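Keep in mind that what you see is a predicted model, and the values were worked out from it rather than measured.
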Amino acid sequence: MADGVELVAVTKRYGTVTAVDAIDLRIPAGSYCCLIGPSGCGKTSTLRMIAGHEAASAGDILIGGRNVTELAPSQRGTAMMFQSYALFPHLSCLDNVAFSLRMRGVARPERRQRAAEMLARVHLAEMAERRPAQLSGGQQQRVALARALITNPSVLLLDEPLSALDPFLRGRMREELKRLQRDLGITFIHVTHAQDEAMALADLIVVMEGGRILQSDHPRAVFERPRTPFVARFLGGHNIIECRPLGNGTFALADGSAIQADDAAIPADGPVKLAVRSDRMRLAAPPDWPNRLAGQVTAVEYHGSFVRVALQDQGGSDHSLLLSETDFYAHPVGLGEQVVAGFRPSDVHLLTN
């Protein structure tokens, strides 16, 4: 059975350093939540406080509506899967998975049966008697996952569980994690710094920076409408344009040209920062797209199904376009060329500082 998790003004200090700064967060029961941000943003400290492996300096942690702030890890109904997996090298896979049941005094026949069932759930039944050194990285990851799940936690906490895997295996294990979360129906809280991982897995994505939560929502909502320049840059795929309002939804760029925006939230005075998704810009834009951004091509990167074109505008700001392979090779450009990117008013939205 899944439990929801709620953080109320939770703070973590290490001496004079504030790692997590009075954050509030509500994670619905049975959801897959990803905490994402750069190194040192506070996401792992947050995870460890939920687990009880770090004491909160202030605030409250509630799991299933119960205040667990002062409880030991074993009393919280959570399980944690560590980045290093921390498997016992001298034990078989079966005994690694059964270890926590052994510590709880479960009889040997029962714990081995339950461990075998859990290994089967992660498709490793045939590896039961092997030791960790005889397994691949992905298999070790699944043993660690089975060991975390065998205690039937209501919340599973994962600290960058895919970071040690190669890109192909990471994609496979991503699918496995999502399948398990759906099948088990429990709450997963997953720390990562990989944007594609968080976007693929999460029902709720929480972007952190400097110990604070900058934005939390469904991945599509965060990607479509990032609130701040940091979120727009960190999740990638957005260009940030600094300009000043001229009135009636029109804005002046540094080079004197103007763009239009449909976003009603954009103020009528003072400098503003606007965001436009990289895949919404075109070099050969239709003539009815009124917005134009001139710049010099600084990089061209072929990615197979798309081509990334980087350009620098006359004010020195960097931007990028993600063009389909077909669109790019219909109108190819090279380094140093002067180009003009077009985009629609409906693709422009306001960022806050």
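- Looking only at distances, a side-chain donor or acceptor of Q296 sits under 3.5 Å from a matching main-chain atom of G336.
- Residue pairs that meet the side-chain hydrogen bond (donor to acceptor under 3.5 Å, both in side chains) test with at least one member in residues 274-290, sequence neighbours left out, are E224-R277, R277-D279, S278-S320, R280-D347.
- A donor-acceptor contact closer than 3.5 angstrom is absent between the side chains of T250 and N248.
- A donor-acceptor contact closer than 3.5 angstrom is absent between the side chains of H319 and Q312.
- With Q181 contributing its side chain and G30 its backbone, the two residues share a donor-acceptor pair below 3.5 Å.
- Ion pairing between a basic and an acidic side chain is recognised when a charged N comes within 4.0 Å of a carboxylate O; R112 and D95 show such pairing.
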Can you give each donor-acceptor pair under 3.5 Å made by side-chain atoms of residues 197-205, sequence neighbours left out, with the distance rounded to 0.1 Å?
{"residue": "E197", "atom": "OE2", "partner": "H190", "partner atom": "NE2", "Å": "2.7"}
{"residue": "E197", "atom": "OE2", "partner": "T192", "partner atom": "OG1", "Å": "3.1"}
{"residue": "D203", "atom": "OD1", "partner": "K178", "partner atom": "NZ", "Å": "3.4"}
{"residue": "D203", "atom": "OD2", "partner": "Y32", "partner atom": "N", "Å": "2.7"}

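- H53 is linked by a ring-ring contact (aromatic ring centres under 6.0 Å, His included) to F82, counting only residues two or more places apart in sequence or in another chain.
- Remark: side-chain polar atoms of Q195 are paired, donor with acceptor, to backbone N or O of F234 under 3.5 angstrom.
- A salt bridge links R179 with E176: at least one charged nitrogen is closer than 4.0 Å to a carboxylate oxygen.
- Comment: E110 engages R114 in a salt bridge, judged by a side-chain N to carboxylate O separation of less than 4.0 angstrom.
- Under a 3.5 Å cut-off, the side chain of S31 and the backbone N or O of P28 do form a donor-acceptor pair.
- Listed for the K43 side chain is a donor-acceptor partner under 3.5 Å among the backbone atoms of P38.
- One N or O on the side chain of K12 and one on the backbone of A55 form a donor-acceptor pair closer than 3.5 Å.
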